[in-house]
Participant: 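The structure is given below, and queries will be raised subsequently.
Residue numbering restarts at 1 for every chain, and letters A, B, ... go by the order of the sequence lines.
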There are 2 protein chains.
Amino acid sequence: MKVLTKKTDYAIRALLMLGAKRGSYVSAKAIAVEQDMPYQFLRGVLQEMIRHDLIVSKEGVQGGFMLEKDPDEIGVKQLIEIFQGTVQVSECMFRKQICTNRSRCVLRHEIMRIEHVVNNEFEQVTIGKLLRKLQATNTLMPALNTVEGLASITQ
Amino acid sequence: MKVLTKKTDYAIRALLMLGAKRGSYVSAKAIAVEQDMPYQFLRGVLQEMIRHDLIVSKEGVQGGFMLEKDPDEIGVKQLIEIFQGTVQVSECMFRKQICTNRSRCVLRHEIMRIEHVVNNEFEQVTIGKLLRKLQATNTLMPALNTVEGLASITQ
DNA sequence: TATAACTGATACTATATTTATATCAATTAG
DNA sequence: CTAATTGATATAAATATAGTATCAGTTATA
Ligand code: FES
Ligand code: FES
């Protein structure tokens, strides 16, 4: 059971890179090469994030992507919703036809409780928090520039 | 994003039915018809549960399946693991090659924290608990015998 | 003892989702 | 002018989920 798909994964990592280099444009190619993601696939992910106003882009030479939104305002929950749809623990446990009044169904309650817990947890993990954790590990922040750098934050 | 697949869904509902009729054998056909599940698909699910010692079966006429294990010992978490594999929020955020020391990775920690929370929640929801909730709603327990009965517990 | 109602086992098909690639037009720094 | 870049979109490949079909073996019961 995989909770985060590649798209969400790539989105998080791309945002971390953009977050570490805020103020300058970073090209899709640079991100793809440095973090070993499929280039065109990543571009799709980046475009989706533009549509959701998480990042902005500049075309042409020296162009690329830049983080606009406050990293603390970007939760993993939002990313999951963008790339995987709303978190739903299960569709209705029984057939839709016979579940006329969901609000009083005991199973439904149990399921919705978990849904809330899961959503809460994911909401609390923001790009901002992750960035600060990265900075704490690696104060000078060259980490995300090279493969060696990336490796360093995982040790 | 769907957390419970059909197999897990069917497994839970089948176990609830078997739990409500503990002591007697219930055929796959009976379960399939009453809960509107695809017969052969359900059989596969039931066989998987036999392999994991959750239920037992009897072949031939008047045969079927019976709940063996204590319903309180069967958590939704275990069912998810059986039918969807272990809950993993994400595989390693970066490439495996460069993640030599996972235990000290900040991202890893965040991810594992959520993994624990999710697992805990799912572990606490047991077939036993669900059965008691059903009984509280419908003391005489004819609920699971008919479509109308099923409908009654959802109101 | 024949038969119909069952499970065991397994192979197969269909559908949906995820992941990845390819192409071409438009933009822009140098 | 040109190479590096994004925008947009179409398509393919890979994987996972969902569902079907078949046949052999078991057993209650008529
Ligand atoms: S299972 Fe559908 S509302 Fe309860
Ligand atoms: S991302 Fe792989 S161990 Fe941190």
Participant: For a 4.0 angstrom threshold against heavy atoms of chain B, report the outermost contacting nucleotides of DNA chain D in 5' to 3' order.
Facilitator: D/dA18 to D/dT29
Participant: Rounding to an integer number of Å, can you tell me how far A/Y10 OH sits from C/dT19 P?
Facilitator: 8 Å
Participant: Phosphate oxygens OP1/OP2 of C/dT19: is one of them under 4.0 Å from a side-chain N or O of A/T5?
Facilitator: yes
Participant: From the list C/dT7, C/dA20, C/dT18, which nucleotide is the closest neighbour of the side chain of A/F41?
Facilitator: C/dA20
Participant: To the nearest angstrom, how far is B/E48 atom CD from C/dT7 atom P?
Facilitator: 17 Å
Participant: Do the side-chain N or O atoms of A/Y39 get closer than 4.0 angstrom to the phosphate oxygens (OP1, OP2) of C/dA22?
Facilitator: no
Participant: Would you say the side chain of A/I127 lies within less than 4.5 Å of the side chain of A/L18, judging by non-hydrogen atoms?
Facilitator: no
Participant: For B/Q35 and B/A14, indicate whether the former's side chain and the latter's backbone hold a donor-acceptor pair under 3.5 Å.
Facilitator: no
Participant: Taking A/K129 for its side chain and A/Q124 for its backbone only, find out whether a donor-acceptor pair lies under 3.5 Å.
Facilitator: yes
Participant: Given side chains that start at C-beta, do those of A/F122 and A/Q78 come closer than 4.5 Å, heavy atoms only?
Facilitator: no
Participant: What is the distance, to the nearest angstrom, from the NZ atom on B/K58 to the P atom on C/dG8?
Facilitator: 13 Å
Participant: Please work out if B/I50 contacts a base, only the sugar-phosphate, or nothing of the nucleic acid, heavy-atom cut-off 4.0 Å.
Facilitator: sugar-phosphate
Participant: Quick one: does A/F65's side chain get under 4.5 Å of A/I50's, heavy atoms only?
Facilitator: yes
Participant: Regarding A/F65, tell me which of base, sugar-phosphate or nothing describes its non-hydrogen contacts under 4.0 Å with the strands shown.
Facilitator: sugar-phosphate
Participant: Relative to the 5' end of DNA chain D, which residue comes earlier, B/E59 or B/Q62, by the nucleotide with the nearest heavy atom?
Facilitator: B/E59
Participant: Could you tell me whether B/D36 and B/R13 have a side-chain N and a carboxylate O separated by less than 4.0 Å?
Facilitator: no
Participant: How many Å lie between CD on B/Q40 and P on C/dC6, as a whole number?
Facilitator: 14 Å
Participant: What is the distance from CG of B/L46 to P of C/dC6, rounded to the nearest Å?
Facilitator: 14 Å
Participant: Check nucleotides 15-17 of chain C against the protein and report each pair of N or O atoms closer than 3.5 Å, with its distance, or say if there are none.
Facilitator:
none

Participant: Between A/S27 and B/V61, just flag the one whose closest nucleotide in DNA chain D comes earlier from the 5' side.
Facilitator: A/S27
Participant: Would you indicate what A/G64 reaches in the nucleic acid, counting non-hydrogen atoms under 4.0 angstrom: base, sugar-phosphate, or nothing?
Facilitator: sugar-phosphate
Participant: Does some side-chain heavy atom of A/E123 sit less than 4.5 Å from a side-chain heavy atom of A/N120?
Facilitator: yes
Participant: How close do B/L131 and B/A20 get, counting heavy atoms only, and between which atoms?
Facilitator: CD2-N, 3.9 Å
Participant: Look at all strands and tell whether A/Q47 reaches a base, only sugar-phosphate, or nothing, counting heavy atoms closer than 4.0 Å.
Facilitator: base
Participant: Side chains of B/Q62 and B/Y25: closer than 4.5 Å at any heavy-atom pair?
Facilitator: no
